[in-house]
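Residue numbers start from 1 in every chain, and the chains themselves are labelled A, B, ... in the order their sequence lines are given, proteins ahead of strands. The figures here come from the full heavy-atom set of this structure, side chains too, leaving out hydrogens, waters and symmetry mates.
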Protein chains: 2
Amino acid sequence: MDVLWCRGRLVVVRLVIAECSVDYAGRLSAHLPLAKRLLMVKNDGSLLVHSDGGSYKPLNWMSPPCVLTTVEPDETQAAAGITELWKVTHKKTGDALIVSIHEVHHDSAHELGVDPGLQKDGVEAHLQKLLAEQIELLGDGYRLIRREYMTAIGPVDILATDATGASVAVELKRRGDIDGVEQLTRYLELMNRDPLLAPVQGVFAAQEIKPQARTLAQDRGIRCVVLDYDAMRGLDDSDSRLF
Amino acid sequence: MDVLWCRGRLVVVRLVIAECSVDYAGRLSAHLPLAKRLLMVKNDGSLLVHSDGGSYKPLNWMSPPCVLTTVEPDETQAAAGITELWKVTHKKTGDALIVSIHEVHHDSAHELGVDPGLQKDGVEAHLQKLLAEQIELLGDGYRLIRREYMTAIGPVDILATDATGASVAVELKRRGDIDGVEQLTRYLELMNRDPLLAPVQGVFAAQEIKPQARTLAQDRGIRCVVLDYDAMRGLDDSDSRLF
DNA sequence: ATCTTAATTTCGGCA
DNA sequence: TGCCGAAGTTAAGAT
């Protein structure tokens, strides 16, 4: 059991339920008082300390690359009831996580194998692809120049032209927040200094636009467009999808 | 076992190692192909799907408040090898996570009890306290007016005066990003409209300042200051700390 | 309850 | 590899 989970090509996760306290010293200092928790040791040596509640984030953890070593408790620690001492050290930053175990209630190791990984669909990239294909949603006569139009301070999501041939910079978000308006504002400021592009109009397009973002955008002469993702996906021909 | 983990006042976590595929339909669509994984059902009904690798983030999950129901596989599903079907639905958004279980390798429930929670130290609040105490780090003659100086759009981290008595607004970050510069810019814009404060100088202080943020700050006449957290902590008299 | 901001963010893409 | 921006961000604090 001692080193089973880190040897050879086995892909093993170890689950320990234990009464323990945890100390972290790294980018911050943190302490978990003595309580019964779940310790999850992954194959790469990383450690997760979970309680029963909260959401997916552990109470404390150490990310890979890191090494777990078990230290013999000294007399003082043993007298304090510590039976096992785990020290997890980050290989690069030197961050340390120390688990002081008082009692182990459960300990098991399970081989999992390599995970094939998550397949995602429906994020901003897809929204951008759809809007690029359906650029006329912004208005009659709109034409796509290109996606990811590069500027000195980063890529503009979509560059298009309106019916009059004037440039239009589109910033796309799933949720239209104030940050997105700021981002688009920076792009517009820069692009409008370019005599080949100016004048450039701004369009802030999102599935949902927060009132504050809308107010700020309108204040800066940026047009807001709310996108109907489902409708756009329905128009797309590659709409074969799960469920 | 069936409902043990959600009854009464027990605080229980259930651990299942199973060959399964997972589908998520909510803010995005996602699919996990058939593989052996760890399913962690927390007391609040939330579910975490972990593989052996990655960092603390599960491959897929459902956050509380949510409910887990077990559905009987229909004939087609049973023929495909599905023995159990878990459906986790978010109570508010309706997001759904479906776990199709083919084979259970391990199944155990563990009572944990209520967790006392994490004690943190060393985050931005501490940095702010330290800089307020050591405001002269910004320059000779600097004096603290107050921390969390309230404005109409939120609190400025630190308000100070320089050697000439002019107002200085300080925005503090652990990592100085472009967002922080934008934030400070908004504060400065507002404060400089106040005749009692104007003119207000801006200082962007962080443990680390990203090149783009520095460029933007300088372009807007904001001074950048890199803080040495360890040195500042060393000067602090309340430096009794674990380890 | 809603909104704002930080985070030991993590994660992916592209230069 | 490092930087930059998105994320089912999540989570904590303030209004």
Side-chain angles (χ1 to χ4, degrees), chain A residues 22-30 46-49 53-64 66 88 90 92-97 117-118 120-128 148 150 153-157 171-175 177-180 182-183 186 206-207 210-213, chain B residues 22-30 46 49 53-64 66 88 90 92-97 117-118 120-128 148 150 152-155 157 171-180 182-183 186 206-208 210-213:
Chain A
V22 182
D23 286 284
Y24 169 74
R27 278 164 286 191
L28 60 72
S29 301
S46 61
L47 176 76
L48 279 62
V49 182
S55 52
Y56 71 64
K57 199 174 173 179
L59 292 167
N60 218 325
W61 71 93
M62 183 60 74
S63 319
C66 62
V88 191
H90 196 274
K92 291 189 171 178
T93 61
D95 293 11
L97 192 69
L118 189 68
K120 282 189 184 181
D121 175 31
V123 277
E124 191 189 308
H126 192 216
L127 206 60
Q128 186 189 108
E148 303 287 346
M150 208 54 204
I153 55 171
V156 176
D157 288 337
E171 177 64 33
L172 259 175
K173 294 285 170 191
R174 197 172 53 73
R175 280 178 193 164
D177 219 332
I178 212 164
D179 286 358
E182 295 288 10
Q183 197 178 335
R186 286 197 298 271
Q207 280 185 267
K210 298 278 178 72
Q212 287 200 347
Chain B
V22 182
D23 286 284
Y24 168 75
R27 279 165 285 189
L28 60 70
S29 300
S46 60
V49 182
S55 53
Y56 69 65
K57 197 174 176 181
L59 291 167
N60 220 326
W61 71 93
M62 184 59 75
S63 320
C66 61
V88 192
H90 196 275
K92 292 189 169 180
T93 61
D95 292 12
L97 193 69
L118 188 68
K120 282 188 185 182
D121 175 30
V123 276
E124 191 188 308
H126 193 216
L127 204 61
Q128 186 188 110
E148 302 287 346
M150 208 55 205
I153 55 170
D157 288 336
E171 176 64 34
L172 259 175
K173 294 285 171 192
R174 197 171 54 72
R175 281 177 192 166
D177 218 334
I178 214 162
D179 285 357
E182 296 288 11
Q183 199 177 335
R186 287 197 295 271
Q207 281 185 265
E208 173 201 350
K210 297 280 176 71
Q212 287 201 346

Of A:Leu59 and B:Arg186, the one whose closest nucleotide on DNA chain C sits nearer the 5' end is B:Arg186

Any N/O pairs under 3.5 Å between the protein and nucleotides 1-4 of chain C? List them or say none.
residue : atom : partner  : partner atom : Å
C:dT4   : OP1  : A:Gln212 : OE1          : 2.4
C:dT4   : OP1  : A:Gln212 : NE2          : 2.6

query: Any idea which heavy atoms bring B:Ile178 and B:Ala213 closest together, and the distance?
result: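 Minimum heavy-atom separation between B:Ile178 and B:Ala213: N-CB, 3.7 Å.
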
Q. Is there a side-chain contact between B:Ser46 and B:Met62, using heavy atoms and a 4.5 Å cut-off?
A. no

Of the candidates C:dA6, D:dT15, D:dA6, the side chain of B:Met150 sits closest to D:dT15

side-chain contact (heavy atoms from CB on, under 4.5 Å) filter on B:Leu59, not counting sequence neighbours, yields A:Asp115, B:Leu32, B:Arg37, B:Ser51

Using side-chain contact (heavy atoms from CB on, under 4.5 Å) as the criterion, list what pairs up with B:Ala206, not counting sequence neighbours.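 Residues passing side-chain contact (heavy atoms from CB on, under 4.5 Å) with B:Ala206: B:Lys173, B:Ile209.
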
Interatomic distance where [atom1] belongs to [X] and [atom2] belongs to [N] [whole Å]:
| X | N | atom1 | atom2 | result |
| --- | --- | --- | --- | --- |
| A:Glu182 | C:dT5 | CD | P | 11 Å |
| B:Asp95 | D:dT10 | CG | C1' | 15 Å |
| A:Leu127 | D:dG5 | CG | C1' | 16 Å |
| A:Lys173 | D:dA7 | NZ | C1' | 11 Å |
| B:Asp157 | C:dA6 | CG | P | 7 Å |
| B:Leu172 | C:dT5 | CG | P | 15 Å |

Does B:Met62 reach a base, just sugar-phosphate, or nothing at all? Heavy atoms under 4.0 Å.
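The answer is base, as B:Met62 lies within the cut-off (heavy atoms under 4.0 Å) of a base atom.
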
Atom [atom1] in [X], atom [atom2] in [Y]: separation rounded to 0.5 Å?
| X | Y | atom1 | atom2 | result |
| --- | --- | --- | --- | --- |
| B:His90 | B:Arg27 | NE2 | CZ | 7.5 Å |
| A:Leu28 | B:Leu127 | CG | CG | 12.5 Å |
| B:Gln183 | A:Glu182 | CD | CD | 10.5 Å |
| A:Lys57 | B:Trp61 | NZ | CH2 | 13.0 Å |

Provide a list of protein-nucleic acid N or O atom pairs under 3.5 angstrom, restricted to nucleotides 10-14 of chain C.
residue : atom : partner : partner atom : Å
C:dT10  : OP1  : A:Ser63 : OG           : 3.3
C:dT10  : O3'  : B:Ser55 : OG           : 2.9
C:dC11  : OP1  : B:Ser55 : OG           : 3.3
C:dC11  : OP2  : B:Ser55 : OG           : 2.7

Item to check | All side chain to side chain donor-acceptor pair (under 3.5 Å) counterparts of B:Ser55, not counting sequence neighbours | outcome: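 B:Ser55: no side chain to side chain donor-acceptor pair (under 3.5 Å) contacts found.
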
